[in-house]
Amino acid sequence: MDPCTVKTPVQAIDQADPRDRVHRVAIRTPTVLAAGIHAALGKSVAPKPARSIPWIGVCTGICAPVMPWSGRSPRGAEAARVGSCGDTGLVGLAARWGDEEAETLTGVDVNARRGSSEPGRQSSVRGARLVVDQQGAVTEWSAEAQRLLGYSAEEVLGRNVTVLLSQKGPASTHAGVEVAGLAGVVAARHRNGHRIAVRAGVAPIPDDGGTVRWSVLFDPVDDRDEAALDAAVLRALWDSPLGVQVLDPELRVARLNPAGPGARGAVSSEDVGRFAREVAPGVVDDELERRLRSVVETGQPVTALELVGRPPADPDHEHAYEATLLPLKDPAGAVCGVLVASQDTSARHRIRARLDLLVKAGSRIGTTLDVMTTAEELAEACVPGLADIATVDVLDNVLQGEASQPGPVSAGALLRRAGFRAAEGLDASSAYRPGEVLPCYPPAFTTRLADLQPRLVRDLEADREWLGRDPRRADLIHSAGAHSLLVVPLTARGVVLGLAGFYRARTPDPFDEDDLALATELAARAAVCLDNARRYTKERNAARTLQRSLLPQSVPEQNAVDVAWRYEPSGGVGDWFDVIPLSGARVALVVGHLVGQGMQAAADMGRLRTAIATLAAQDLAPEELLAHLHDLVTGHVGECTGDPGVGSAAARLVGASCVYAVYDPVSRRCTLARAGHPAPVIVRPGGLVEIPDVPAGPPLGAGHPPYEAVDVELPAGSTIALLTSSVARTAEAQTLPARLREVLGGPHRTLQDACNAVVHALHGREDDGIVLLLACTKSVGADQVGAWTLPNDPEVVATARTLAVRQLVDWGLLDLEFATELIVSELVTNAIRYGTGPIRLRLIRDLTLICEVSDGSSTAPHLRHAYETDEGGRGLFLVTQLARRWGTRYAARGKTIWAEQALPAAGVEPTETYPRPLVTA
């Protein structure tokens, strides 16, 4: 007998497909049972001897006459194939499918065969199960079979199984189900005479002795026919709006749904047999082909695959799809194709893309507090997600940190280009450079400043009149192919900041209302960032203005060093420098750094600079000056105030750094001390760069002084470089970057050129501001100094006056003879009367005439206001009247009282009167 052939659902629907193949599985069953089952189906099969075994064909997909489980799973075919393999086949079947399915097919407790530790476990068998021998006699009867057919075990055991099957041709109905004509359904006979539609299944049960018994399973047919339901599901799938395609292993189209998304009206049954990439080249790319081949090779499905492409039905627009790739397998488990099911998710994709654009824009816009940078970030965030070209223009006063009054602004307000971005590969350029003033702009822009409402221009070609006022912009828009426009005002907290324009050129679809809403939301978020940047710019400009007013506007007159400096401000405003003339033709050089920003930091810097200048006027040694400054900062931190702002400002002084250097052109010695600041750099006349080993004291207000100073002897022409930590990298660095060392040691035409070269070498590398102070040392020649040592004897006063007059004659300063004699006489007399040890007299001719008298006492002189009746107390008063300024400085041993007189101007005749000089205590 030839094997019966039953087609799968796909084969039953598409009878003309030449590639259809019928997969058959043959099992051996007793003749009597086979005859009885075929008789129930209305077929005539003659009984044969017991050892003559017929073949019954079974195909997966639709239930075969003797294999009802095959309609639910392709495992039925394999069950028939391995069912005759004895215990090994049964256990292997259970290992692949699970114990319950194996027991359902055979009725054998798999765990019992395995020697399970649960021998009493009940088999979860569905339907009625019975066992027959090779002659068809019932040898086992189950309670389920008794409940289904009504026979007791005594009535059935030993009888032929055919008594349980109806022998009538047309089957009646049961529970409203048509029995006749249903493939795989037989009619079983109930004890009371009515027939029951069941699906019959048979599986062999080999014994240890080689005798084979057969397990028969009668499964009642439900009210709905599974085969018909499968066919209905397939018809609904092919007729649904979902995209369904069946591809063969070579990725040719075997079946498709012409009504699916992207295929309607563009793909038909004529495309069957073509490669998928030929049918939909805008969707199927290399990556999708790789995924499809992976499904064919591995048999693993791919779910929730997101695709973006241009479908055949709409090749001018991009669509988004969510696809599932499922392998199609034959009964043997081999992959014979791929099922592609897809759904058009373009609307959802657009919504998600807009949300993603808003989220990304929130993290990309406003990363700095710079107006121009923020405007550029807005343009970058909108291209290409929203537009192909984006422009951002801001009001001119916004760049200066100012803002107009809340509400609309004049249509003639001045705008500057702040940001521009075009999609990659698009031939488009900005009509105006960044920062350039827009001389004119179309009414579509200016009216947005007045009504503060966004505008949508769907078609620029139909609305080109508005571009007539700006032909420069119109030419560029036309050359770029822009066809649609959005104009959105940038407003924050009621203040108008500028305008944003968005163009579409490459994207064929014009802007719509959803795009306008998205652009408005983006502009609103960016406007807040722009306003924050504007406010910061305003405060920063005010802080820098204050800082500049507190920094030296010019170098004070002195003759000890030539000075050049460069100050490049950045975010902070706490850097400062100073050049302070001292007594004895000396000069003090200062560079400091205070961490902080804003007005308060600038004010704190001014306080420190004033304090240093005040302490320097006391002629303190560098280490003593830093110690006093440290105490000053510490005292401010400890102040008790009810104003939290004042308290925080005092706390900001802590941690300030400073380097202080005093250069004496007479001795050519430089005394250096530092508090948490980088050490100075010394450049010798030959170009040798060195960093003196100056002990690093703690920052001001932190740590525990004392500070230490170092003396360095410098030849004339040496350069002292004081710089901030941003230049020297760290306060403890004893090495300089190679590039900086090379620039400092190189030849330069002027000292200012050296400053500019250093700043240029550091440009773009440092985030902090740069303060660089260069001082080229000079020396006072021996012919400019007269020094004498005198004994502590009242008789030497006349000698001191004589020596001073002789020196003035040599210098040609006879017009200062009278005043100098009085000053020398009074200072030497005070030293003899109140001092100890030998007396040293020194005259220095520099920018002024300096007279110094030193002794070994530390007693400080005091200016007295003598009455007419007093016999003494007029000496320092006379010095004050004759000298421009005078003072006292202390050394390790003793003190020096000095007085300065202004030199007469060249070409001016000396006078007999002496104008009262400026008195400085």
Is the backbone N or O of [Y] less than 3.5 Å from a side-chain atom of [X], with the two atoms forming a donor-acceptor pair by type?
X: Ser484; Y: Val457; value: yes
X: Arg199; Y: Asp219; value: no
X: Ser346; Y: Ala320; value: yes
X: Asp330; Y: Val335; value: no
X: Ser294; Y: Arg290; value: no
X: Arg421; Y: Ala390; value: no

Using the rule given for side chain to side chain contact (heavy atoms under 4.5 Å, CB included), can you reason through Leu530 versus Ile365, listing the C-alpha separation, both sets of side-chain angles and the distance that settles it, and then say yes or no?
CA-CA 9 Å; Leu530 282 172; Ile365 301 176; over 6 Å; no
Just by distance, with hydrogens left out, do Asp509 and Thr507 show a side-chain donor and acceptor under 3.5 Å apart?
no
Verify the distance criterion only: is there a donor paired with an acceptor across the side chains of Asp314 and His317 at less than 3.5 Å?
yes
Cationic N near anionic O, under 4.0 Å, [X] to [Y]:
X: Arg493; Y: Asp531; answer: yes
X: Arg129; Y: Glu144; answer: no
X: Arg277; Y: Asp286; answer: yes
X: Glu377; Y: Arg364; answer: no

Go through the structure and list residues passing side chain to side chain donor-acceptor pair (under 3.5 Å) with Arg293, not counting sequence neighbours.
none
Run the side chain to side chain donor-acceptor pair (under 3.5 Å) test against Arg417 and tell me which residues pass, sequence neighbours left out.
Asp393, Ser430
Please walk me through it: do Asp514 and Arg354 pass salt bridge (Lys or Arg N to Asp or Glu O under 4.0 Å)?
CA-CA 10 Å; Asp514 291 338; Arg354 287 169 178 165; 3.6 Å; yes
Under a 4.5 Å cut-off applied to non-hydrogen side-chain atoms, are [X] and [Y] in contact?
X: Val488; Y: Leu499; answer: no
X: Gln453; Y: Pro489; answer: no
X: Leu325; Y: Leu339; answer: no
X: Arg274; Y: Val253; answer: no
X: Cys382; Y: Leu522; answer: yes
X: Val487; Y: Phe502; answer: no
X: Leu256; Y: Val244; answer: no
X: Arg504; Y: Leu486; answer: no

Quick one: which of Thr368, Thr367, Thr373, Thr374 gives a side-chain hydrogen bond (donor to acceptor under 3.5 Å, both in side chains) with Asp370?
Thr373
Identify the two heavy atoms, one from [X] and one from [Y], that lie closest to each other, and give their separation to 0.1 Å.
X: Pro315; Y: Ala313; result: CD-C, 3.7 Å
X: Pro510; Y: Asp515; result: O-OD2, 4.2 Å
X: Ala428; Y: Ala480; result: CB-CB, 3.9 Å
X: Tyr321; Y: Asp344; result: CD2-CA, 3.7 Å
X: Pro454; Y: Leu516; result: CB-CD1, 3.7 Å
X: Gly309; Y: Pro311; result: O-CD, 3.5 Å

Sole candidate of Arg350, Arg352, His319, Glu322 that passes side-chain contact (heavy atoms from CB on, under 4.5 Å) when paired with Thr345
Glu322
With rounding to the nearest 0.5 Å, note down the distance linking [atom1] in [X] to [atom2] in [Y].
X: Phe511; Y: Leu456; atom1: CZ; atom2: CG; answer: 8.5 Å
X: Cys529; Y: Leu497; atom1: SG; atom2: CG; answer: 11.0 Å
X: Arg255; Y: Asp248; atom1: CZ; atom2: CG; answer: 13.5 Å
X: Thr520; Y: Arg525; atom1: OG1; atom2: CZ; answer: 12.5 Å
X: Ile389; Y: Ile477; atom1: CD1; atom2: CD1; answer: 7.5 Å
X: Leu328; Y: Leu326; atom1: CG; atom2: CG; answer: 7.5 Å

For the CD atom on Glu287, are there more than 12 heavy atoms of other groups (residues, nucleotides or ligands in this structure) within a distance under 6.0 Å?
yes
Step-by-step side chain to side chain contact (heavy atoms under 4.5 Å, CB included) determination, Thr324 to Val302:
CA-CA 6 Å; Thr324 299; Val302 177; over 6 Å; no
Listed partners of Arg252 passing salt bridge (Lys or Arg N to Asp or Glu O under 4.0 Å), at least two apart
none
Between His349 and Val308, is the side chain to side chain contact (heavy atoms under 4.5 Å, CB included) condition met? List the steps.
CA-CA 9 Å; His349 179 77; Val308 177; 4.2 Å; yes
Between Leu426 and Asp388, does the side chain to side chain contact (heavy atoms under 4.5 Å, CB included) criterion hold? Intermediate values first, please.
CA-CA 8 Å; Leu426 185 63; Asp388 298 319; 4.0 Å; yes
